[in-house]
Amino acid sequence: MTATFERGINSFKEVLDAPIASFFASCVHCGLCAESCLFYTETGDPQYTPVHKLEPLRRTWFQEYTLLGKLAKAAGLSKSVTDAELAAWEPLVYDSCTMCGRCSMVCPVGNDLTYAIRKMREGMAAAGHAPEGLVTATTRAIVAGSPAGVKWVTVQAQIKHMEKQFGIEIPVNQAHVDYLVLMSSWEILNYPEYLGAVSRIFKQAGATWTLSEHAYEATNSGIQIGVSDLARELVGRIVKAAEDLEVKCVISPECGHAYTAIRWEGPNLMGRSFGFEVKHILEVIDELHASGRIKLKGTLDKPQTYHDPCQISRRGGVYEQPRKLLKEIAPQFREMKDTGTMNWCCGGGGGVGANERAEPLKLISFKRKKAQIEELGVDTLVTACANCRVTIEEALEHYHMDVEMLGLTELVADHLEENPS
Amino acid sequence: MKRPAANNIGSALREAGISRRDFLGFCATLAAAYALPAASVGAIAAALEKAPRASVIWLSFQECTGCTESLTRSHAPTIEGLILEQISLDYHHTLQAAAGEAAEQARMEAMRANAGKYLLIVDGSVPLGNAGYSTIAGVSNVDMLKEVAQGAAAVIAVGTCAAYGGIPAAQPNPTGAVPVSAVINDKPIVNVPGCPPIPVVITGVLAHFLTFGGLPELDDLGRPKIFYGESIHDRCYRRPFYDQGKFAETFDDEGARRGWCLFKLGCKGPVTYNACATTKWNNGVSFPIQSGHGCLGCSQPGFWDMGPFYKALSMPTANVEKAAGIAAAAGVAAGAAMAVANRGKKAAAKAAHAPVTVEDLEKKP
């Protein structure tokens, strides 16, 4: 089989559920979502109005599921969605939406537009209108086990590096432990220090944990491209490994969409609840810190701020934990104006980072974050998402900005009080 | 009639014993009525004070003098009345001292001296059936109206009779009474209906003419929107009782004593547009509904022919609950049928779903 327009439209009909129908029926056309979307605010181009990105899906709903729409279609008053239209909408649905969820926060009638975009991508992908970069990444995720093509041998090499650097053994394929630790491709390739930091924190806390050679990759390209069949396959690998090893908890790494994939979409994709808990690494660190199992010392004496990863803060609810931890070690912490659940996206989430075509737009949209950083006058930016970190580091280079990026997990590991009395 | 020595309104008012404070109060009322900012009160006062005497000719046809009474006697001496009576009026049957030839001469003189600039105020309807039904100095109403209107800058039809025919035009309309607008069609006409109209509405239109040099914005029935823009019902202080479904059933029941809504006793507030509920009557003392009686709808066309005063508007004549029940059931059935059809369509789409594989993602020709 191949992707066809008919499969795409069939998929639209399939994903149109009660929530989406109520969103379309209740939209009051106020345009507030435009002002909340950084692709609109940074370009001023009205085609980037979030609800407009859903137009083909909205028309399908109108014509297929409403009485007026059926009549209008029969009378030729409402034009059917065409393949060319879907092709034209591809950049709107994939390049100019990071599924950051900010529009869902401002909608006065409470429409979760992000949810609708996620569903719309199902039809776009089935119709063959997903961006090439995302198709490649998804293919690699399914075939090779990681969207960046990272194989287990690469992980093994990084394990050796980290064990050598910190002198702590990193457990692999251990059953009945507290935590199964996942990573994203970026952490394996760019920031292996994350793995070292986790080993140091768990050693200090006396927690048992493991990596799994069958499930080391947490990112889920299936969700980003919008193919639930593939997303289910990717989540299923993690669920199987975790249940085979009978771990108590699976830890989503410093990667925003991975957290959404395994924690929120995962059980819905699998159609059942898991035999283990799912937490973000910051939740785990905060719990260990709050219960006194780890203690922090020393301070980071630089003006710095925290970039909220959308999927972790806004869509995931983990925004107090990083601030509690930073309060301990960063006396010069400064808060950005729009922060927490109303933060501005880095511009590279939701598959935009894997989509080369979106690169110029991604850099334009970064101007918002750039302005936020400059307004605060900080030279250090802490975050908890490897994808945000890569996106921002590249953009900082592009705009010749002298700002250092830090992962919060590593920052915590660097401030552990060894052997507290 | 008495002519003031002063040649502008400001000095004339002071001669008549109106304090500046009262005058500013009147200007503030106008500013509020016209939805102008508070800062404009001074500007209105300045414009009005300096305004030269605008000549006004008042013609009374088939009327009861209630409109004049409203203006001059309601809370005498009113500033509204004084503005008209002492400042502007050149000819008015009831108010002028002159009679006979002298009176008509005053009219002719005013028409000649202020040709094209004077305002014509008319109260009462015009009989077209037989000229003899109503004549003044041997001239039929319709002829006099045409003659005076010819040189007028604008015509203000005061009262429901002049505006829409009123009582004389009520069925079976024995005199063939018509409103001013049925006779005059080449001059701007402002209708100030009401039986009688609220005094400030009459002077408000005049003051607008003097201050801004034009007529206020009118609704589709020719009434100034500022005074007739909202229904009595919408501005009625008893409206919350209507919304709660609390009605007086008779004029002496518990509901009536508690001041509940008079809708069921025939109040025409919901279909009547006027300022009674806001400006009220007798210097803001009260208005009919506040006195315990429903609105009669006197400022609407067809007043007297709108059905009985004490019959409620749109009271259901048939078993409305039953009809509504059937309609609701039909709606629910249609909605359910639609939902079943939609559910079927979604299920079909789900059944037609072939799992998407990575090979599928490439669109092949």
Side-chain angles (χ1 to χ4, degrees), chain A residues 1-18 20-21 60-61 63-70 83 86-87 90 121-132 134-144 147 221-222 225-234, chain B residues 35 37 217 219-220 225 229-231 233-235 239-240 242-245 270 273 314 316 318-365:
Chain A
M1 285 180 80
T2 69
T4 61
F5 172 66
E6 291 69 30
R7 286 182 79 180
I9 292 296
N10 189 69
S11 176
F12 277 0
K13 289 186 206 168
E14 197 186 342
V15 298
L16 277 165
D17 54 6
I20 298 180
T60 306
W61 161 77
Q63 294 174 356
E64 300 293 335
Y65 292 112
T66 71
L67 181 61
L68 259 186
K70 286 174 187 179
D83 195 47
L86 292 190
E90 183 189 315
R121 286 187 181 183
E122 295 277 343
M124 296 296 283
H129 291 298
E132 201 186 330
L134 259 180
V135 171
T136 310
T138 309
T139 306
R140 275 201 297 251
I142 294 291
V143 177
S221 306
I225 198 169
V227 179
S228 287
D229 297 318
L230 300 176
R232 189 179 302 113
E233 155 79 21
L234 295 172
Chain B
E217 197 187 351
D219 70 4
D220 59 342
K225 276 186 181 174
E230 287 177 284
S231 71
H233 185 60
D234 282 345
R235 301 305 300 264
R239 175 66 191 261
Y242 175 88
D243 294 336
Q244 293 163 22
Y273 290 78
S314 58
N319 190 342
V320 73
E321 281 87 0
K322 193 178 170 191
I326 292 168
V332 168
M338 184 84 172
V340 167
N342 283 350
R343 196 162 292 198
K345 183 172 281 185
K346 189 168 155 72
K350 200 165 189 176
H353 175 95
V356 179
T357 65
V358 289
E359 289 79 25
D360 289 344
L361 292 175
E362 301 281 353
K363 192 167 193 173
K364 298 174 188 90

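Letters A, B, ... mirror the listed sequences (proteins, then strands); counts begin at 1. Keep in mind the model is a prediction, meaning the values are calculated, not measured.
In this structure, no portion of B/Ala347 lies under 4.5 Å from any heavy atom of chain A. Within the 4.5 angstrom heavy-atom criterion, no atom of A/Ser11 approaches chain B. Using a 4.5 Å cut-off between heavy atoms, A/Ala125 contacts chain B through both its backbone and its side chain. Looking at A/Ile9, there are no atoms closer than 4.5 Å to chain B (heavy atoms on both sides), in backbone or side chain. With a 4.5 Å cut-off on non-hydrogen atoms, A/Glu233 does not touch chain B at all. In this structure, chain B has no heavy atom under 4.5 Å from any part of A/Ala141.
Across B/Pro355 and A/Arg7, no two heavy atoms sit closer than the pair O-NH2, 3.4 Å. B/Val356 and A/Val227 make their closest contact through CB-CG1, 3.5 Å (heavy atoms, listed as atom of the first residue, atom of the second, distance). The nearest pair of heavy atoms linking B/Lys346 to A/Lys13 is CG-O, 3.8 Å. B/Met338 and A/Leu67 make their closest contact through CE-N, 2.7 Å (heavy atoms, listed as atom of the first residue, atom of the second, distance). Between A/Asn10 and B/Ala348, the shortest heavy-atom contact is OD1-O, 4.4 Å.
Counting heavy-atom pairs closer than 4.5 Å to chain A, the top-ranked of the candidates B/Ala339, B/Ala334, B/Ala349, B/Ala354 is B/Ala349.
Taking a 6.0 Å sphere around CZ of B/Arg235, one finds it holds 12 or fewer heavy atoms contributed by other residues, nucleotides or ligands.
Once rounded to the nearest 0.5 Å, the distance linking OG1 of B/Thr357 with CG of A/Leu230 reads 7.0 Å. Atom-to-atom distance recorded for A/Ile225:CD1 and B/Leu361:CG is 4.5 Å, nearest 0.5 angstrom.
Residues B/His353 and A/Asp229 form a side-chain contact, since some pair of their non-hydrogen atoms from C-beta on lies under 4.5 Å apart.
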